[in-house]
Amino acid sequence: MSNNPGIFELTTIIDPTLAAIPEHIQMSFANGGHATSSLYRSFGDRYYTSHIDNSHEHIIATAGAALVGTAPGEPSRAVILGAGGCNDIPLPFIAETFDHTTLVDADPASSERALSRLPSELLGKVSLVGADITGIIGPFAHTIGNLVDRHPDMPSFDRAAAEYIRHIDPQDAPPALEGPYTFVSSHLAMSVIAQGPGDILEKLTKRPKLPDELQAATNEPVDPLTEALKALEGRLQSAHIAYLGRLIAHNGAVHFADTTDCIRLIKGAGFKRTPLVDEPALRAAVQGGYTELRPSKAWLWKSSPPVAFSVKSFALAPRTAQQR
């Protein structure tokens, strides 16, 4: 791919973590990418402008802090995890500012469309990696698919799936990218990837998930499968925070931002707030491995009626062994 054929051709590297995912699951990622970009186009002027402005402001500020620590003559390298269509990421600025930028996403076609808007002189400084940044989705989809075939009755499947999910350890599963990087960005990626196993379970079993607010309203005990999935979400979030620390150079900086709550207007019931991350655990993970370069910032993103998200953004530097 290039803006001007003959000048530069982008090659997408497919990481084994993406190659392991069944094709129909990969297609669902692509459909999600199209839907997200469509929302930005449809609601951009009315709902997304302030969110995009906030996102750009914080990403650019942390990218600048990353360069402050770069020694003269040292190549500067950036990686954008969960890049997708770069709808709220200042891609031209990042590509121009750093000597090399790597985009990583499980839907590389969305990132290719974003890159197609770059001038060819910047495109030559960018590489694209198709990867699952959790590293678990391929094995998860295959195992759940096998369990569906082996356990046609729901109670038997639920017990087997819960037992499997309880033993998933995502800490060392993410892809081995070619770090360390001067600047690492994870922008609204962690909560999405942490919900991936639940989305896949729903797709393979054709059984809709019960929304958290409705689950709570039933006053019924949480079933073991739902409990196992929620615990896995927490482990995936902790693993992602740790992964950022493994990618960053000792003198680099991390931009980390995510949606912490979903706020939904429910007709006749007012507003319902659903937590998307475990904020105390998130804060503990951040403080355990990083120094905050500036106070965290929160804003409200009215993504589309009747839904809004609380977003929290961090600018982080890796702690030294002595600081820990």
Side-chain angles (χ1 to χ4, degrees), residues 1-15 18 26 29-45 48-49 51-67 70 74-133 175 177-189 192 244 247-249 252-257 313:
M1 178 200 74
S2 72
N3 286 359
N4 190 340
I7 292 181
F8 185 79
E9 189 73 21
L10 176 75
T11 300
T12 301
I13 300 166
I14 302 300
D15 186 82
L18 182 58
Q26 292 190 40
F29 294 156
N31 292 337
H34 277 291
T36 299
S37 294
S38 177
L39 283 173
Y40 272 83
R41 289 193 299 272
S42 299
F43 297 109
D45 290 341
Y48 286 23
T49 300
H51 165 68
I52 292 172
D53 288 346
N54 278 314
S55 300
H56 284 202
E57 175 187 344
H58 285 264
I59 293 170
I60 289 170
T62 307
L67 289 173
T70 304
E74 179 184 353
S76 59
R77 305 172 68 228
V79 62
I80 311 298
L81 300 175
C86 296
N87 297 297
D88 46 13
I89 292 170
L91 180 59
F93 170 84
I94 298 296
E96 186 170 5
T97 299
F98 292 89
D99 294 324
H100 190 268
T101 298
T102 301
L103 305 187
V104 185
D105 201 85
D107 175 27
S110 286
S111 299
E112 286 180 356
R113 289 191 292 273
L115 287 169
S116 71
R117 299 189 288 271
L118 284 182
S120 56
E121 62 268 21
L122 292 183
L123 194 61
K125 300 169 62 183
V126 179
S127 59
L128 175 58
V129 178
D132 162 30
I133 56 177
L177 301 177
E178 295 182 356
Y181 296 94
T182 313
F183 175 63
V184 175
S185 171
S186 170
H187 191 70
L188 311 196
V192 174
L244 304 180
L247 293 176
I248 194 67
V254 174
H255 164 79
F256 169 66
S313 175

For Ala131 against Pro175, the heavy-atom pair lying closest together = CB-CG, 4.0 Å
Would you confirm whether the ring centroid of His187 sits within less than 6.0 angstrom of the ring centroid of His255?
-> yes
Sub-4.5 Å side-chain heavy-atom contact between His100 and Pro75 | no
What's the shortest heavy-atom distance between Asn87 and Ile52, and which atoms?
-> O-CD1, 3.9 Å
Which distance, rounded to the nearest 0.5 Å, do you find between the CD1 of Ile80 and the OG of Ser185?
-> 4.5 Å
Whether Ser111 side chain and Gly84 backbone form a donor-acceptor pair below 3.5 Å = yes
Given side chains that start at C-beta, do those of Phe183 and Ile59 come closer than 4.5 Å, heavy atoms only?
-> yes
Looking at side-chain heavy atoms only, is the closest gap between Phe256 and Val184 below 4.5 Å?
-> no
Roughly how far, to the nearest 0.5 Å, is CD1 of Ile89 from CG of Leu188?
-> 8.0 Å
Intermediate values then yes/no, side chain to side chain contact (heavy atoms under 4.5 Å, CB included), Thr102 and Leu177 = CA-CA 9 Å; Thr102 301; Leu177 301 177; 5.7 Å; no
Contacts of type ring pair (Phe, Tyr, Trp, His ring centres under 6.0 Å), residue Tyr181, not counting sequence neighbours | none
If you measure from NE2 on His56 to NE2 on His51, what distance do you get to the nearest 0.5 Å?
-> 8.5 Å
Verify, without hydrogens or angle tests, whether Lys125 (side chain) and Thr101 (backbone) share a donor-acceptor contact under 3.5 angstrom.
-> no
Donor-acceptor pair, side chain of Thr182 and main chain of Gly252, under 3.5 angstrom = no
Main-chain N/O of Ser76 paired to Asp99 side chain as donor or acceptor, under 3.5 Å = yes
Can Ser116 and Arg113 be counted as having a side-chain donor-acceptor contact under 3.5 angstrom?
-> no
Closest non-hydrogen atom pair, Leu18 against Gln26 = O-NE2, 3.1 Å
May I ask you to test the Asp15-Val104 pair for a side-chain heavy-atom distance under 4.5 Å?
-> no
Calculate, to the nearest 0.5 Å, the distance between atoms CD and CG belonging to Glu178 and Leu247 respectively.
-> 11.5 Å
Which atom of Ala189 lies closest to which atom of Ile133, heavy atoms considered | CB-CD1, 4.4 Å
Sequence-distant partners of Glu74, side chain to side chain contact (heavy atoms under 4.5 Å, CB included), two or more places apart | Thr70, Ala71, Asn251
Side chains of Cys86 and Ile94 in contact at under 4.5 Å (non-hydrogen atoms) | no
Hey, is the main chain of Ala83 close enough, under 3.5 Å, to the side chain of Asp105 for a donor-acceptor pair?
-> yes
Who pairs with Ala95 by side chain to side chain contact (heavy atoms under 4.5 Å, CB included), at least two apart in sequence or on another chain?
-> Leu118, Leu122, Val126
